[in-house]
Every structure is written in structure tokens, then in C-alpha cells.
Amino acid sequence: MTAGQHHRRSVPGRRGRLAALAAFTVLASGALTGVAPALAAGADRPFNEALDHAAETYDVPRDLLAAVGYGESRLDGHDGQPSQAGGYGVMHLVSNPDQHTLEEAARLTGESPAELRRDTGTNLLGGAAVLRARADALGLSAAERDDIDAWYAAVAKYSGAEPATARLYADTVYRFLADGLHTSVDGEKVEVAARDVAPELPEAPEVGPAAVSQDYPSARWVPAAAGNFASGRSAAISQVVVHVTQGSYAGSISWFQNPTAQVSAHYVIRSSDGEVTQMVKDADTAYHARSANASTLGIEHEGYVDDPAWFTEAMYRSSAALTAYLCDQYGIPKDRSHIVGHVEVPGNDHTDPGPHWDWDHYMELVGGESGAVDELTFASYATQLSGSSGPQVKAVQRLLTEQDYQPGAVDGSFGPTTQTAVRAFQQDKGLETDGIVGKATWTALLSAGTTPTLRSGSSGEAVSRLQRALTAASGKTVAVDGDFGSSTAGAVKAFQSARSLEADGVVGAATWKALQSGS
């Protein structure tokens, strides 16, 4: 595109779909450090001073820079931690195999990548420098740079996404400009006044309507890169897994389209209005939950686990409608054994959706049960650690309380008191005293108690306790019905064989000892 080859259009639905955004307030973390001495006079408003400084240095409209940053991060630097796509800071400067805006920003500003990653003022400078570079490549003159509507194509290029996704990204930024922003960074107000916008688009055929999902008619269809999922499935669909993107909506869609990502999800949901994009067909296997990929459907939610502001009511309602639809389509029970967080899937090291996800509200919207079948029984037992929350933490706390440890309130929040109680239990049982409830600790907790001899035909609570412990020990669901049938006998024999015990299917002293020691 050369300068002057534009036409203007209004951003669709800017007053309707996002009218609530003007009143939306988000408390972002990420303290501003290392602000240049020239900004010292604005010590009481360091973020605004840094924003103004970056915009002025690279001749980028200040409000545009703020809107891009808000769309990327809610103006939260996340303490220098990367997004799912390898992006850093409020401006999401990316360093991954296919995108290198972090390194580009370092060349343009003369700042080190380390400073650009961790320092908010420097990160703003880097983002402004990259935006200006995109404008220069498109031939924007000094006069055009003063017109915020002339930056649409540069903003789309900044996303690093394929054309349709890049346009989605730019449309989001211009909706923020249209409706205005009223937010804060560490208590400092950051505002962008609402305005009429008519962004300039290249003289090219308009992109047609987004393809519609064949699995979920309310969703857009944007396929993930072929190498980021597997065709078909090796198991029946039995669970829905709730994820958080650790990045923006458009950025996550772009990442799943990147052949180097090696990850994907079936659906991605936008924070502001609940828009849904499907990226992998239900019948195919998305790469989102490791060992559970073959039997699960993955739903990614735009945002970060440490910032509850991303979890809007629009997102909850849209996601719950999708989950309810999927459960009805595939016969998945609407309970917390079958609708789970990424953190609850065995063999995963992620913490999403995190402590700010409101499971009770979500399950109410789904129209299902918010708890486990009996508060201790789950289809799988996920690793629980400091910061975890939810029904499985409650189960840990209840088990510790029953065994005369002191985890504090049985409230589903894994805090210091619960961690101390876990360590005391682990020490007494000869387990690694790391305060983390993994497979071994779960097995020991669930099997603790009396040790009656159990065999085919046995029944009662001791059998249920055995079945839960076998589920934790094997990572495979053993039905908890209190009846020692053939499936339980098979699970016992497999457990015994794996631990060099006599594989007779009878649970005697040696088998109980192995279970209660977490071996």
C-alpha cells in the first residue's frame, strides 16, 4: 500500500456491542520501573508520563498506543512473564520462532531485550517504535501520522497475524478508541476519550463474512495450522477443559495458526463480548491437555489467570452456553468431574483457569452441578498447590481435617495453612515434603483409614475409599460405587503388578501399605 490509497469505513457495531466498555475499569498490576529521568516530574502519574513520552518520541498517537496496549494486556506487564505466544509487557513484544518484535524493538530503541521485557516504560517505547516502523513501511507521512484513522493498517501489521485475524485485531483496537477507555494502573487513572472513528483501509476487496462453525453455529470458524492438531480421535469425547489463554483473543488465534506453536484448542472466547471462534473441529484432537487430548474438548478464554478483570459476565455466559451445548451434543454429564480446569487434568503443569475463575457461577450458568459427586470423588485428581482453588482443594482440606491435621477452613483455597498441613502429612507418611498434592500425596490421603481385607464381592465405604485411591494412583478413572466388581479387581491387579506385589486382586495389608504410603 502506498500513501493516499485508502478508503474509510466505520467500525461495525462500535456503539452497540461494546457500549459497556466505556464504564469498564480494570485494576492492572505491573509496577512501572526505570522511567527515564525526564519523566521524574510526573512521579504521581508515572504510567501516563511514560505513555506520553513513548508516543511523542516515535510520533504515534498517544490514545492509539494506549488502545493497542489495552487490547494486548489490559496495560498489565505481568512482571515480565511471557504470554502463551512469547509476548512481553504491556505492548506484548513477541519473541518466538516466527515473530521477533521484541528483538526489533531492541534494535529500534537501543534498549536491551531484558529491559524491554521487564520495564514498563521501556516496553511502551518499544511498542511505539515498532508501531512507527509499521507506519513508515506503509508510507504514512507526518501529516497522516497525526490522523488516528490513518493507522489502521499499521495496527493490523503490528499484530503479526494472518490478514483476517489481523483485521479482527485492528477492529478491536478501533472499538476501544470509539468507546473510550477508563482504566487504572496501580491506582493511577489512564483514560482515552471516546471519539468517532472511520479507519482508513487499503484499496482492496473487502474480506467476506467470517466462515461459520459447522459444530457450533454461533462461532466463527478460523482453522488452526494443520500441525497443531491431529485429525480424528482415539477416544470418545468425555470432558470439557476450561483454559485461560495467557494472552489476547486475536493473539491466541494467531498463535494457533502458527505452525511452530504445536498447540491449539477447539474454541477461543473473547473477554469483552463473548465472541467465539472455533479453530479445531470437535471430531479432531486439539493439542491442549496432553494425556487428555484424545477425550476432551478445549475452550480457551481470553485473559490471564492473575487478573480477574478479563473474566466478564459476557464471557461467562457465552462460554457456559457453549459448554452446555457441547455436553448435550456428546452426552457429557454437566458436573465438575466432566467440566474441569486445565489444572485438574492429570499430567499437566498449568494452573489455569486459576483462583479468580468463578466455578460456582459458571456451573450454574451451564445448568449443571458445581461440586463433585460426593465432595471426594472425581474422574481424575489434579495436582494442587499454593494458589490452587476449587472443589479438589476442598477435598484435600477435608481429608486432612479428618486425619487430624490442621489445614484451616475447608474453603477451597490453598493457602499457607493448608500447605503447612500438607507438609506435615507428607512428613508423617515418608513422602517428599514439598507441600504439593501430586499423585503420591493424593493416593496416600484418599486411602488413609482402616485396612480391611477387600476382594471381589466386598462393598461399603472402604471399597469407595479404595476406588478413589486407585483413580489417583493410576491416573485412570475407577468408578466409585462402593462395590468391588470386575473393574475394581482389574485396577487392583494392575496396581499390584506395577509395584511388584502379588497380583491376586485381593487388597490385604501389603496393598493397603503401598496405597497409604503413596508408592
Side-chain angles (χ1 to χ4, degrees), residues 78-82 241-244 246 289-292 304-306 336 340-357 359 372 375-449 451 465-466 468-478 495 498-500 511-519:
H78 299 287
D79 296 322
Q81 296 302 306
V241 180
V242 172
H243 300 264
V244 173
Q246 293 299 97
R290 295 188 182 178
S291 62
Y304 288 81
V305 296
D306 61 355
R336 284 285 285 113
V340 300
H342 193 179
V343 68
E344 296 172 298
V345 178
N348 286 269
D349 59 359
H350 289 243
T351 62
D352 54 316
H356 301 298
W357 182 261
W359 276 111
E375 296 186 333
L376 293 180
T377 300
F378 297 87
S380 61
Y381 292 87
T383 298
Q384 306 297 320
L385 68 166
S386 180
S388 296
S389 64
Q392 293 205 11
V393 175
K394 279 189 176 181
V396 169
Q397 293 167 330
R398 178 179 167 187
L399 289 164
L400 288 167
T401 300
E402 289 176 353
Q403 295 160 50
D404 294 326
Y405 292 88
Q406 303 298 320
V410 181
D411 58 4
S413 180
F414 199 126
T417 305
T418 299
Q419 186 178 58
T420 298
V422 169
R423 284 179 172 151
F425 174 84
Q426 290 171 326
Q427 185 172 11
D428 287 350
K429 301 299 180 182
L431 299 166
E432 182 182 359
T433 56
D434 57 4
I436 297 172
V437 183
K439 182 167 70 172
T441 302
W442 266 122
T443 303
L445 277 168
L446 290 162
S447 61
T451 58
R465 181 158 45 93
L466 168 68
R468 295 186 196 101
L470 289 170
T471 295
S474 67
K476 298 178 181 178
T477 303
V478 178
F495 177 85
R499 287 149 185 84
S500 301
T511 301
W512 277 117
K513 181 179 179 180
L515 287 165
Q516 293 184 348
S517 65
S519 65

What pair of heavy atoms forms the shortest contact from [X] to [Y], and how long is it?
| X | Y | result |
| --- | --- | --- |
| Thr417 | Gly408 | CG2-N, 3.7 Å |
| Pro353 | Gly341 | CD-CA, 3.6 Å |
| Phe414 | Val437 | CE1-CG2, 4.1 Å |
| Ala440 | Leu431 | CB-CD2, 4.1 Å |
| Thr383 | Gly438 | OG1-CA, 4.1 Å |

Kindly say whether [Y] contributes a backbone atom to a donor-acceptor pair with the side chain of [X] at under 3.5 angstrom?
| X | Y | value |
| --- | --- | --- |
| Ser447 | Leu515 | yes |
| Arg499 | Ala514 | no |
| Thr471 | Val478 | yes |

Taking C-beta and beyond as the side chain, do Val422 and Pro407 meet within less than 4.5 Å on heavy atoms?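 Result no, sub-4.5 Å side-chain heavy-atom pair not found.
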
Enter the distance from [X]:[atom1] to [Y]:[atom2] here, rounded to the nearest 0.5 Å.
| X | Y | atom1 | atom2 | result |
| --- | --- | --- | --- | --- |
| Asp79 | Asp306 | CG | CG | 7.5 Å |
| Thr441 | Leu399 | OG1 | CG | 12.0 Å |
| Leu400 | Thr420 | CG | OG1 | 11.0 Å |
| His342 | Thr351 | NE2 | OG1 | 9.5 Å |
| Glu344 | Ser388 | CD | OG | 9.0 Å |
| Gln384 | Ile436 | CD | CD1 | 11.0 Å |

Would Gln516 and Thr451 count as a side chain to side chain contact (heavy atoms under 4.5 Å, CB included) if you check the C-alpha gap in whole Å, the side-chain angles of each, and the deciding distance to 0.1 Å? CA-CA 10 Å; Gln516 293 184 348; Thr451 58; 3.6 Å; yes

Under the ring pair (Phe, Tyr, Trp, His ring centres under 6.0 Å) definition, can you give me all pairs with a residue in residues 417-445, not counting sequence neighbours? Tyr381-Trp442, Tyr405-Phe425

Do the side-chain N and O atoms of Asp352 and Gln246 include a donor-acceptor pair separated by under 3.5 angstrom?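 No, because no side-chain N or O of Asp352 sits under 3.5 Å from a partner of the opposite role on Gln246.
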
List the steps and the verdict of side chain to side chain contact (heavy atoms under 4.5 Å, CB included) for Asp434 and Gln426. CA-CA 8 Å; Asp434 57 4; Gln426 290 171 326; 3.1 Å; yes

Any residue meeting side chain to side chain donor-acceptor pair (under 3.5 Å) with Thr418, in chain and number order, not counting sequence neighbours: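 Partners of Thr418 by the side chain to side chain donor-acceptor pair (under 3.5 Å) criterion, ordered by chain and then number, come out as Gln397.
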
Mind checking what makes salt bridge (charged side-chain N to carboxylate O under 4.0 Å, His left out) contact with Glu402, not counting sequence neighbours?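 Testing Glu402 for salt bridge (charged side-chain N to carboxylate O under 4.0 Å, His left out), a comparison that skips the adjacent residues, returns Arg398.
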
Determine, stepwise, if the pair Arg468 / Thr377 fulfils side chain to side chain contact (heavy atoms under 4.5 Å, CB included). CA-CA 6 Å; Arg468 295 186 196 101; Thr377 300; 2.9 Å; yes

